[in-house]
Amino acid sequence: MKRLTFYFDPISPYAALGFEALPEALAGHSIEVVYRPILFAALLQALGQKGPAEIEAKRRWTFRQVAWLAHSQGVVLDPPAQHPFNPLPLLRLAWACAAPQGQPGDTPGRWVVEQLFHHVWRGAGADANDAARLAELADRLAPVQDPASEAVKQRLRSETEAALALGVFGVPTVELEGRLFWGQDALPMLRGALDGDPWFRSGIWESAAQPRPGVTRKH
């Protein structure tokens, strides 16, 4: 059985859409999916970038595009009242629903991840950080660890740092056999890899990413 890792932050609508579309991309294959919540803002800070919602023109395009993608996928996507928002309470809750690192079940399961995404993106426009809603979500998920514990906070930090070291720069990112597939729109490419498309054995994966000497970019 192959193993696939899904890196995500519930703040991202693309991660929410990718999560919904992932089962179709994996259909017909025996795959173990590992879900790893990470802090998208920390990726951006480490790489010196701004998030899409921090650039007004890009924010407008992002929400138009994700509305279209949700429509084309036939899924519900209701942006929360405030975006961007602080996702730390949700990320820590996700890791608190997993066993301590090194023990069986030490990553959150699909149902937990689904509840997080639905809390943000199927909440009829409610505030994702509303205290009463967060308390209700925590009651429903029944975490096995304290979300406010130092162990949980450190797990989120270490998972984010490990993702950065691996080369993850955005969410969602899927890792399969050492290859990283970034974005909801990379799922057809992931499917090609799972199906054994000969393109992945042609060497283009490696060569396409190499700098091409003598090519001058015009600005």
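Reckoned from all heavy atoms, side chains included, excluding hydrogens, waters and symmetry mates. Predicted model only: the values in this text are computed from it and were never measured.
For the residue pair Glu20 / His118, a side-chain donor-acceptor distance below 3.5 Å is found, with atom types taken as modelled. Side-chain contact check for Tyr7 and Glu159: no donor-acceptor pair (N or O, by modelled atom type) lies under 3.5 Å.
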| query | So Leu90 and Phe85, side-chain contact (heavy atoms from CB on, under 4.5 Å) or not? Walk me through it. | reply | CA-CA 11 Å; Leu90 293 173; Phe85 60 90; 4.1 Å; yes
| message | Quick one, Arg133 with His119, criterion side-chain contact (heavy atoms from CB on, under 4.5 Å). Give me CA distance, side-chain angles, the key distance, then yes/no. | response | CA-CA 8 Å; Arg133 294 188 70 230; His119 172 84; 3.5 Å; yes
| task | List the steps, then state whether side-chain contact (heavy atoms from CB on, under 4.5 Å) holds for Val112 with Leu93. | result | CA-CA 9 Å; Val112 168; Leu93 178 58; over 6 Å; no
| said: Walk me through whether Val33 and Leu26 qualify under side-chain contact (heavy atoms from CB on, under 4.5 Å). | reply: CA-CA 10 Å; Val33 180; Leu26 305 182; 3.6 Å; yes
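With contacts defined as side-chain heavy-atom distances shorter than 4.5 Å, the pair Asn129/Gln82 does not qualify. Using a 4.5 Å heavy-atom threshold, the side chains of Val152 and Trp95 count as touching. Side-chain contact between Thr107 and Arg36 is present, with at least one heavy-atom pair separated by less than 4.5 Å. With a 4.5 Å cut-off on side-chain heavy atoms, Arg122 and Val75 count as touching. Side-chain contact between Pro147 and Pro89: absent, with no pair of heavy atoms (C-beta onward) separated by less than 4.5 Å. The closest side-chain heavy-atom distance from Leu141 to Trp111 is below 4.5 Å. Between Leu69 and Tyr14 the shortest side-chain heavy-atom distance falls below 4.5 Å. By the 4.5 Å heavy-atom criterion applied to side chains, Trp121 and Asp78 are not counted as neighbours.
Relative ring orientation between His83 and Phe63 is described as perpendicular, the plane-to-plane angle rising above 60° on a 0-90° scale split at 30° and 60°. Classified by interplanar angle (parallel below 30°, tilted 30° to 60°, perpendicular above 60°), the ring pair Trp199/Trp205 is perpendicular.
Salt-bridge check for Lys153 with Glu150: failed, with every basic side-chain N at 4.0 Å or more from each acidic carboxylate O. Electrostatic pairing of Glu161 and Arg157 does not count as a salt bridge here, judged by no charged N lying under 4.0 Å from a carboxylate O.
At distances below 3.5 Å, at least one donor-acceptor pair connects side-chain atoms of Thr160 with backbone N or O atoms of Leu39. Listed for the Asp197 side chain is no donor-acceptor partner under 3.5 Å among the backbone atoms of Ala193. Distance alone, capped at 3.5 Å, is enough to place a donor-acceptor pair between the Arg201 side chain and the Gly196 backbone. When atom types are taken as modelled, the side chain of Trp61 and the backbone of Pro52 share no donor-acceptor pair closer than 3.5 angstrom. Proximity of a side-chain donor or acceptor of Gln65 to a complementary backbone N or O of Thr62 within less than 3.5 Å is not detected.
Atom-to-atom distance recorded for Arg179:CZ and Met189:CE is 8.5 Å, nearest 0.5 angstrom. The structure places CZ of Phe117 at 10.5 Å from CG of Leu77, a figure rounded to the nearest 0.5 Å. Rounding to the nearest 0.5 Å gives a distance of 9.5 Å between CZ of Phe200 and CG of Asp195.
Trp182 has its ring centre no less than 6.0 Å from the ring centre of Phe8.
Between Ala15 and Ser12, the closest heavy-atom pair is N-OG, 3.0 Å. Arg155 approaches Pro100 most closely through the heavy-atom pair NH1-C, 4.4 Å. Here the shortest heavy-atom pairing between Leu164 and Ala42 reads CD1-O, 4.3 Å. When all heavy atoms of Phe40 and Gly170 are compared, the closest pair comes out as CE1-CA, 4.0 Å. Residues Val144 and Ala98 share a closest heavy-atom pair of CG2-O, 3.3 Å. Here the closest non-hydrogen pair linking Pro87 and Asp9 is CB-OD1, 3.4 Å.
Around CD of Gln49, the count of heavy atoms belonging to other residues, nucleotides or ligands within 6.0 Å exceeds 12.
In this structure, Arg110 forms a cation-pi arrangement with Phe19, its terminal cationic atom sitting closer than 6.0 Å to the ring centre and no more than 45° off the ring axis.
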